[in-house]
Structures are given as C-alpha cells and as structure tokens.
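Accompanying notes for the structure given below.
Excluded from the calculations below are hydrogen atoms, water molecules and symmetry mates; all remaining heavy atoms, backbone and side chain alike, are included.
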Amino acid sequence: MADAVLAAVDTVAVVYVMRGAFARHHLLAEARRHLSYALRGRPHQPGLDERIVQAALDDRTRPVGRGRRMTADLSALYRAASRTRPCCAR
C-alpha cells in the first residue's frame, strides 16, 4: 500500500505542474504512465492504477470551482514528501 501512496504523491505533483487544475481522468492517465515507467513494462496488479488515483483523490487534492475540476493540496503533498524522504543528517 505504501507504494500506491508514493505513486499518488508523484502522480498529483506531475499533473499539477503540467495542468494546474485537472480532472480524474488526468490523474488516471498519469498513474498509468507512472506504472509503465516504474515497472518498465512488467505487468502489475489489476486495479493498481485505480488505487493510486483513489489515494490521490482522498488525501492530496482539493476542489476548484463548481465543476469536477480539482487541484493539488500542496500542504498535503509537502507533508507526504517530508515523511517519505530519509533524513540526510550525518
């Protein structure tokens, strides 16, 4: 499950940088690209791309406007990134 969470952080960050405001299908497309790149074409568990999108929607996005558009919740992305990086202190 931790891999899906990390992939969700990466997916939201990439889509946010490229689009600013986005819809669910943008996250799904980027999640599939992420899996293709990370697994180098090897098969993955069925539904993993949907789990990545759901993790992104649940914790790392916020609504924009009146439609179905959303954007990244930057404070959630920052918190997630700071928890997943190892400490660099010597």
Side-chain angles (χ1 to χ4, degrees):
M1 185 63 168
D3 292 338
V5 173
L6 291 175
V9 170
D10 185 51
T11 298
V12 171
V14 169
V15 174
Y16 174 73
V17 167
M18 294 299 177
R19 300 195 61 87
F22 46 85
R24 184 184 187 285
H25 66 272
H26 296 118
L27 290 172
L28 184 58
E30 185 56 37
R32 289 175 177 164
R33 276 192 284 281
H34 176 84
L35 287 172
S36 174
Y37 177 77
L39 298 175
R40 297 182 178 101
R42 289 177 286 161
H44 57 82
Q45 298 171 358
L48 183 57
D49 53 352
E50 293 288 343
R51 285 201 316 267
I52 291 169
V53 170
Q54 195 57 51
L57 291 173
D58 288 345
D59 300 328
R60 288 159 186 84
T61 60
R62 59 182 178 83
V64 172
R66 297 180 202 171
R68 294 181 164 177
R69 306 290 262 179
M70 63 198 89
T71 191
D73 182 353
L74 297 178
S75 61
L77 288 178
Y78 179 77
R79 284 192 306 270
S82 65
R83 280 184 286 186
T84 58
R85 300 210 174 159
C87 180
C88 298
R90 293 178 186 196

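The two residues A4 and A55 come nearest to each other via the heavy atoms O-CB, 4.5 Å. Shown here for R60 and V12, the closest heavy-atom pair between the two residues is O-CG1, 3.7 Å.
Atoms OG1 and CZ, on T11 and R33 in that order, are 9.5 Å from each other to the nearest 0.5 Å.
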Tell me which donor-acceptor pairs under 3.5 Å the side chains of residues 42-50 have, and how far apart each pair is, sequence neighbours excluded?
from	atom 1	to	atom 2	distance (Å)
R42	NE	L39	O	2.9
Q45	OE1	R51	NH2	2.8
D49	OD2	R32	NE	2.7
D49	OD2	R32	NH2	3.3
E50	OE1	R24	NH2	2.4

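Annotation: side-chain hydrogen bond (donor to acceptor under 3.5 Å, both in side chains) contacts of R62 (sequence neighbours excluded): none.
Residues V15 and L35 fall into different hydrophobic clusters, defined by Ile, Leu, Val, Met, Phe, Trp and Tyr side chains chained together at heavy-atom separations under 4.5 Å. At a threshold of 4.5 Å between side-chain heavy atoms, the hydrophobic network of Ile, Leu, Val, Met, Phe, Trp and Tyr places L57 and V14 in two separate groups. A chain of hydrophobic side-chain contacts below 4.5 Å, direct or via other Ile, Leu, Val, Met, Phe, Trp or Tyr residues, connects Y16 to L28. V64 and L27 fall into different hydrophobic clusters, where Ile, Leu, Val, Met, Phe, Trp and Tyr side chains are chained together by heavy-atom contacts under 4.5 Å.
The closest side-chain heavy-atom distance from H26 to M70 is not below 4.5 Å.
With hydrogens and angles disregarded, no donor-acceptor distance shorter than 3.5 Å links the side chain of T71 to the backbone of A21.
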